[in-house]
Amino acid sequence: MNPWNILYRGSLSSCNYSCDYCPFAKTTNSLVELQKDRMELERFAAWVEAQQRQVGILITPWGEALVHRYYREMMTRLSHLPNVSRIAIQTNLSAPIDDFTEANRTTLALWTTFHPSQISVAQFITRCRQLDSAKIRYSVGVVGLREHFDSIEELRKLLRPEVYLWINAFKRESNYYQPPEINRLQAVDPYFHWNLQRHPSANRPCHAGETTFTVDGSGDARRCHFLPGPIGNIYDSHFADCLKPRLCSAATCGCHIGYIHRPESKLDELYGAGLLERIPSHWPEVVREFSAG
Ligand code: SF4
Ligand code: SF4
């Protein structure tokens, strides 16, 4: 049986931070909404536990999920399942990590993001040191806004060399970067060029909908976060029949969690077992040449 990579996003939609470009900034969910989100997560975890195949999971919440203990506890539980090869989550790293003391560090990983308008470099580094002490694997990411270039470089200097710092290109403005600025960011993240462009994907193969898919709180599965039509529901006993080789129906794919699944990118070779949490497999010893395309 092919292993599956699953992106899970429940009905949570709130965050403790207030990034000014984000619809979830300083939003809260009611207790009833959180209870619903928790039950969805528990149902998903029970389904994962019942699978016979290897499963990698990246939780990609709307907002910040780790501030809710039930996410930390559920990830800890999932990390010990023999069929779970990876349990990772996108997080702003503001929450306590004590609940991960009991987690399996081989399967647990964090996709952390640094938000310079919300936390200082020094404060963020303190959080990273706590992860280091707890032996939790993580990547660090940041959006490459011009006003944050200095902070990004400072962050790179202070992070352990073994920690990969990735930069997402600011693509809302076309031609935002001048060539020297691209070189500056590329010096921090040698794989920045991958995110700098939207990759033409129409009618080209993509594993989304075959060996990787997204799941929402009700179990509805979609190929990826960028194609809205459901392809099935994981709680249907015949769900596996919904998965098959497919071509992309979008014009382009511009997000790491999407284009890594295009076989022609060969990014699975670059990231290996760290594909979901965005940690290159040989970082930092070997920086291999991967052309954008
Ligand atoms: S930390 Fe992330 S989810 Fe929260 S407000 Fe900032 S961008 Fe939005
Ligand atoms: S190329 Fe991107 S948009 Fe197209 S199916 Fe794959 S992940 Fe989705």
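FYI, the numbering just counts along the sequence from 1. Keep in mind that the numbers below use all heavy atoms, side chains included, and drop hydrogens, waters and symmetry copies. Numbering of ligands and ligand atoms starts at 1, following listing order.
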Query raised in the report: Less than 6.0 Å separating the ring centroids of Phe239 and Phe213?
Result: yes

Report task. Just jot down the ligand 2 atoms closer than 4.0 angstrom to any heavy atom of Arg223, in number order. Result -> 5 (S)

Query raised in the report: Between Trp47 and Phe44, how do the two ring planes meet: parallel, tilted or perpendicular, split at 30° and 60°?
Result: parallel

Query raised in the report: Is the Lys NZ or Arg CZ of Arg43 less than 6.0 Å from the centre of Tyr235's six-membered ring, within 45° of the axis?
Result: yes

Query raised in the report: Under 2.8 Å from atom 6 (Fe) of ligand 1, which protein atoms of type N, O or S occur, listed by chain and number?
Result: Cys19 SG

Query raised in the report: Mind checking whether Trp62 has a heavy atom under 4.0 Å from ligand 1?
Result: no

Query raised in the report: Above 12 or not: heavy atoms from other molecules or residues under 6.0 Å from CD of Glu102?
Result: no

Report task. Could you tell me whether Lys171 atom NZ has more than 12 heavy atoms of other residues or ligands within 6.0 Å of it? Result -> yes

Query raised in the report: Is Gln52 atom CD crowded by more than 12 heavy atoms from other residues, nucleotides or ligands, each under 6.0 Å away?
Result: no

Query raised in the report: In the protein, what heavy atom is nearest to atom 3 (S) of ligand 1, and what distance, to one decimal place, separates them?
Result: Gly63 CA, 3.6 Å

Report task. Kindly say whether the aromatic ring centers of Trp194 and Trp166 come within a distance under 6.0 Å. Result -> no

Query raised in the report: Where is the tightest heavy-atom contact between Arg72 and Leu66, given as atom of each residue plus distance?
Result: NH1-O, 2.7 Å

Requested in this report: Please determine, by modelled atom types, if Glu64 and Ser94 share a side-chain donor-acceptor pair under 3.5 angstrom.
Outcome: no

Query raised in the report: Taking the six-membered ring for Trp, are the ring centroids of Tyr191 and His256 within less than 6.0 Å of each other?
Result: no

Query raised in the report: Listing by chain and number, what protein N/O/S atoms are under 2.8 Å from atom 2 (Fe) of ligand 2?
Result: Cys253 SG

Report task. Is it possible for you to check whether Arg278 lies under 6.0 Å from the centre of the six-membered ring of Tyr164, through NZ or CZ, and within 45° of that ring's axis? Result -> no

